[in-house]
There are 4 protein chains.
Amino acid sequence: MAYQRSEKMEQRLAANRERILGAARKLVSKGGLREARMGTVASEAGLSTGALYRYFPSKADLFVDVLNAAVDHEILILDKIVEGPGSARDHLRNAVASFVRRALRGPNLAYAFIAEPTEADVDAARMLCRKQFGEVFKRIIRTGIANHEFPEQDVDASAACIVGAFTEALVGPIAPSTRGTKTQDRLIDAVSSFCVAAVVGAGTGA
Amino acid sequence: MAYQRSEKMEQRLAANRERILGAARKLVSKGGLREARMGTVASEAGLSTGALYRYFPSKADLFVDVLNAAVDHEILILDKIVEGPGSARDHLRNAVASFVRRALRGPNLAYAFIAEPTEADVDAARMLCRKQFGEVFKRIIRTGIANHEFPEQDVDASAACIVGAFTEALVGPIAPSTRGTKTQDRLIDAVSSFCVAAVVGAGTGA
Amino acid sequence: MAYQRSEKMEQRLAANRERILGAARKLVSKGGLREARMGTVASEAGLSTGALYRYFPSKADLFVDVLNAAVDHEILILDKIVEGPGSARDHLRNAVASFVRRALRGPNLAYAFIAEPTEADVDAARMLCRKQFGEVFKRIIRTGIANHEFPEQDVDASAACIVGAFTEALVGPIAPSTRGTKTQDRLIDAVSSFCVAAVVGAGTGA
Amino acid sequence: MAYQRSEKMEQRLAANRERILGAARKLVSKGGLREARMGTVASEAGLSTGALYRYFPSKADLFVDVLNAAVDHEILILDKIVEGPGSARDHLRNAVASFVRRALRGPNLAYAFIAEPTEADVDAARMLCRKQFGEVFKRIIRTGIANHEFPEQDVDASAACIVGAFTEALVGPIAPSTRGTKTQDRLIDAVSSFCVAAVVGAGTGA
DNA sequence: CATGAATGAGGCTTCATTCAT
DNA sequence: GATGAATGAAGCCTCATTCAT
């Protein structure tokens with residue numbers, strides 16, 4: 001009996017945790033960390049403010065977790081692509097396209113967690129996330145260079161440029177609004193082409 | 001008899017205004033708008049809080065000015081490059097390189113004003129700024145396409161990617177710290193090469 | 001399991017709200033709106049500043065409520081008198097006497113809410129209040145005129161004079177301090193007599 | 001020469017003082033003390049903020065002077081009426097009518113300086129002013145009682161009521177807006193009749 | 001004496017966090 | 001464990017007053 005109860009409880013707790021994370025993700029992607037107040041997260045999650053602190057010790061912790069969850073998920077997918085079949089060029093194209101596609105789908109967390117600086121704690125976590133994304137692309141590029149698919153280049157800089165390029169293309173005000181699926185496909189294509197061309201042709205530009 | 005609107009005074013006022021802008025720029029580039037408190041700006045500028053409001057009607061106004069001043073300066077320089085001699089490819093390369101070079105020099109405002117969302121007022125201004133940068137690159141790309149220097153491509157997306165690429169390369173945590181002048185030159189080169197290659201090879205990557 | 005919206009809690013909240021209103025009333029009647037700082041209201045009510053904003057969205061709202069509560073209460077009483085038995089003259093006398101009596105009892109809100117101008121919000125509310133008091137007296141006077149108890153007269157002006165008369169008599173520095181009950185009774189009598197005589201004898205004075 | 005200069009100077013200084021007082025009066029009667037900022041007074045007077053402090057040691061002092069000047073002027077006129085020919089009833093009627101007439105003319109200082117509470121300093125002065133007005137009416141009433149023109153009554157209370165009555169009739173929102181001259185005459189008549197009737201009939205009302 | 005820039009205390013309000021129920 | 005009321009530290013801004021020119 002006690003065991004039963006506890007199992008049910010466990011589930012409820014886990015569900016709550018997820019709901020909180022979901023609410024936080026939603027809010028942060030809508031208005032940035034600044035606008036994501038703890039109180040709003042709580043009511044969005046159907047809980048009380050106080051309850052939040054039973055799951056996360058502080059706002060910073062909560063959002064670091066939001067960040068990490070989102071990023072872990074992305075990285076997992078990207079890793080699969082990289083480890084899958086195909087040339088480095090394919091990997092690169094697919095990795096970028098895959099990221100952009102998902103970002104265009106959901107609310108654009110990208111903006112919030114890639115761009116916006118806030119408290120030191122969260123900021124540190126964000127830096128790490130960007131680094132992680134960078135690592136994925138570095139791996140791809142390095143492989144390509146080893147294969148002689150890609151020319152020699154500053155891997156760090158290229159990876160940074162890639163992450164920056166698709167981030168801006170996703171969240172920035174430059175690219176036109178992307179409502180229709182077709183438009184989205186075109187954007188995905190454009191961005192991934194851009195990155196592939198850049199890496200493939202690196203050194204060419206001089 | 002009347003108050004001497006002496007030249008010295010004028011200068012002092014102008015100097016104050018500059019010191020305020022300078023302090024604001026410094027603070028915003030260090031910790032983002034969030035951390036740039038009016039009080040801190042004031043003391044950094046060697047003035048009292050109240051004095052700030054003689055020069056700028058509100059925090060938002062002050063930082064919009066900081067933003068605009070920085071951007072106007074950049075755009076001016078980029079425009080000169082675009083209107084100067086050389087191929088579109090040169091323009092592109094030089095525009096990127098020039099921006100990145102200056103950004104690496106001064107405090108990296110780029111971060112603050114390209115990325116961080118804040119109050120509606122400032123945000124609107126920032127959107128405009130990014131758009132402005134985008135326009136510069138769109139012009140370059142369009143010219144290059146007309147010249148058959150560059151292949152057909154999604155100009156909006158490419159411009160967005162360029163802005164994103166160098167922004168991230170500048171402020172992001174992916175590229176290694178760039179202290180030495182030599183390292184900086186390498187980064188400048190890498191980033192501008194990346195962008196040029198991307199635009200030149202666009203459509204190639206498919 | 002869920003948060004107990006216990007009766008005790010409800011009561012405590014209601015009590016807090018009352019304490020806030022009470023504190024606000026006290027302060028405003030002592031030094032006017034100007035001196036009634038939110039911080040002072042809070043500590044007077046035994047709460048923190050922040051807590052006030054859980055009960056009232058802003059200073060203006062709080063004081064509009066103070067005003068309305070006080071006035072509603074008064075108007076209710078005055079209305080009862082007007083609708084009760086007796087001649088218009090009796091109604092007039094009793095209405096004035098009743099108001100003055102209660103005003104002398106509690107802190108003299110009259111001053112604050114009838115006289116002092118402040119923020120637009122509160123001001124609008126105050127104007128309404130004064131108008132409300134005016135209406136009560138207009139009704140009385142109109143009835144009396146219809147009855148031929150009172151001579152024809154400018155009802156608006158008379159009502160205004162009545163409200164002004166007892167307000168000044170209550171809060172002004174002209175009438176001597178009224179500490180003793182006997183003195184108070186005398187004042188009540190004097191003021192109500194004054195008003196009755198004025199209305200009864202209107203037009204006589206020419 | 002030096003003498004000449006000094007005389008001219010004296011005049012200019014006196015003129016400045018008057019202009020400041022005038023500006024202050026205008027502003028206070030428009031928006032109350034609260035809205036009458038020193039800076040605004042200064043520019044309205046065609047001077048600088050600092051200059052104000054050469055004529056008046058503080059905001060409170062300035063407005064106390066404004067108040068006193070206005071009141072002295074009134075009292076002088078009222079005194080003349082009281083000392084002139086006619087019955088006490090005439091004096092009373094004329095005094096009230098005269099005050100109301102002038103108040104309706106100029107900007108309604110009455111409101112600001114009779115009603116609105118502010119800093120302790122100014123407040124004290126205002127209390128005195130109201131007392132002064134009260135004294136005038138007390139004198140009239142006492143004389144009338146001695147003459148057996150008026151019945152015995154609480155002189156203090158009656159005087160307070162009179163001051164309150166015309167103040168409210170002047171500034172309150174109860175009496176309809178008084179734009180036309182004819183309307184104004186009617187109001188003057190109504191208010192003075194009201195007061196006379198009240199004093200004449202005092203004690204009648206019981 | 002005039003000027004108007006500078007000061008700085010103090011007001012209102014927000015919100016992450018705590019805690020009695 | 002959950003609730004949401006309460007806390008209190010900041011933040012932005014205003015404005016009477018001072019002071020170098």
Side-chain angles (χ1 to χ4, degrees), chain A residues 9 12-13 16 34-43 46-60 62 119, chain B residues 1-6 8-9 12-13 16 34-43 45-60 62 119, chain C residues 1-6 8-9 12-13 16-17 34-42 45-60 62 119, chain D residues 9 12-13 16 34-43 46-60 62 119:
Chain A
M9 198 53 138
R12 223 165 57 83
L13 295 193
N16 281 349
R34 189 84 193 263
E35 316 249 314
R37 332 219 189 282
M38 291 301 265
T40 317
V41 171
S43 52
L47 287 170
S48 69
T49 330
L52 259 51
Y53 287 83
R54 195 159 278 285
Y55 294 88
F56 302 92
S58 77
K59 184 183 181 179
L62 166 55
E119 278 135 274
Chain B
M1 179 83 84
Y3 187 77
Q4 285 304 26
R5 187 179 232 81
S6 67
K8 211 170 175 181
M9 194 50 148
R12 212 166 62 85
L13 294 191
N16 280 349
R34 187 83 194 266
E35 316 250 312
R37 337 225 185 274
M38 289 302 265
T40 318
V41 172
S43 53
L47 288 171
S48 67
T49 328
L52 260 50
Y53 289 84
R54 176 167 284 278
Y55 296 87
F56 303 92
S58 75
K59 185 182 182 182
L62 166 56
E119 280 135 277
Chain C
M1 176 81 88
Y3 186 78
Q4 285 304 26
R5 186 177 236 81
S6 66
K8 212 170 173 182
M9 195 48 148
R12 212 165 62 84
L13 294 192
N16 279 350
R17 197 171 199 284
R34 188 83 192 268
E35 316 249 314
R37 335 223 186 278
M38 290 303 264
T40 318
V41 171
L47 289 169
S48 69
T49 328
L52 295 190
Y53 290 83
R54 176 166 282 280
Y55 295 88
F56 303 92
S58 76
K59 185 183 180 180
L62 167 56
E119 280 135 274
Chain D
M9 197 53 137
R12 225 165 56 82
L13 296 192
N16 279 351
R34 188 86 193 262
E35 316 249 313
R37 332 222 189 282
M38 290 302 264
T40 317
V41 171
S43 52
L47 288 170
S48 68
T49 331
L52 259 49
Y53 288 83
R54 196 159 279 285
Y55 296 89
F56 302 93
S58 78
K59 185 183 182 181
L62 167 55
E119 279 134 273

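Throughout, protein chains are lettered first and strands after them, A, B, ... in sequence-line order, and every chain is numbered starting at 1. Side chains are part of it too, since the values below use all heavy atoms of this structure and drop only hydrogens, waters and symmetry mates.
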Would you check, one step at a time, whether the test side-chain contact (heavy atoms from CB on, under 4.5 Å) holds for Tyr55(D) with Leu62(D)? CA-CA 8 Å; Tyr55(D) 296 89; Leu62(D) 167 55; over 6 Å; no
Closest of dC1(E), dA16(E), dA5(F) to the Arg37(A) side chain is dA16(E)
I need the Met38(A) CE to Ser43(A) OG distance, nearest 0.5 Å. 12.0 Å
Atom OH in Tyr53(A), atom OG in Ser48(A): separation rounded to 0.5 Å? 11.0 Å
Under 4.0 Å between any heavy atoms, over every strand shown, what does Tyr55(A) touch: base, sugar-phosphate, or nothing? Just pick one. sugar-phosphate
Both Gly39(C) and Gly39(A) contact DNA chain E. Which one's nearest nucleotide lies toward the 5' end? Gly39(C)
Whole angstrom is fine here: how far is it from CZ in Arg54(C) over to P in dA6(F)? 7 Å
Taking for Gly50(B) and for Gly50(A) the nucleotide of DNA chain E with the nearest heavy atom, the one nearer the 5' end belongs to Gly50(B)
Please state how far atom CG in Leu52(B) lies from atom C1' in dT14(F), giving the value in whole angstrom units. 14 Å
Please determine if a side-chain N or O atom of Ser48(D) lies less than 4.0 Å away from the OP1 or OP2 oxygen of dG4(E). no
Distance, rounded to the nearest Å, where Tyr53(A) contributes OH and dA5(F) contributes C1': 14 Å
side-chain contact (heavy atoms from CB on, under 4.5 Å) between Asn16(A) and Arg54(A), intermediate numbers included: CA-CA 10 Å; Asn16(A) 281 349; Arg54(A) 195 159 278 285; over 6 Å; no
Can you tell me how far P of dA16(E) sits from CG of Leu62(A), to the nearest Å? 11 Å
So if I take every side-chain heavy atom of Lys59(C) and compare against dA2(F), dC12(E), dG4(E), which nucleotide ends up nearest? dC12(E)
Winner on side-chain proximity to Ser58(D), out of dT17(F), dA2(E), dA6(E), is dT17(F)
With the side chain of Arg12(D) defined as its heavy atoms from C-beta on, choose the nearest nucleotide among dA2(E), dT3(F), dA6(E). dA2(E)
For the pair made of CZ in Phe56(D) and P in dA2(E), what is the distance, rounded to whole Å? 12 Å
Measuring from atom CG of Leu52(B) to atom CZ of Phe56(B), what distance do you get when rounded to the nearest 0.5 angstrom? 7.5 Å
Output the rounded distance in Å from CE (Met38(D)) to C1' (dA6(E)). 17 Å
If you check every side-chain atom of Thr49(A), which of dA5(F), dA16(E), dA6(F) has the closest atom? dA5(F)
Counting Watson-Crick and G-U wobble pairs whose two distances are both under 3.5 Å, find the runs of 3 or more in a row that involve DNA chain E. E:2-21 with F:2-21
Looking at every heavy atom in both Ala51(C) and Leu47(C), which two are closest together, and how far apart are they? CB-CB, 4.0 Å
dA6(E), OP1 or OP2 - any side-chain N/O from Asn16(B) closer than 4.0 Å? yes
Just how far, in rounded Å, is P of dA2(E) from CG of Leu13(D)? 6 Å
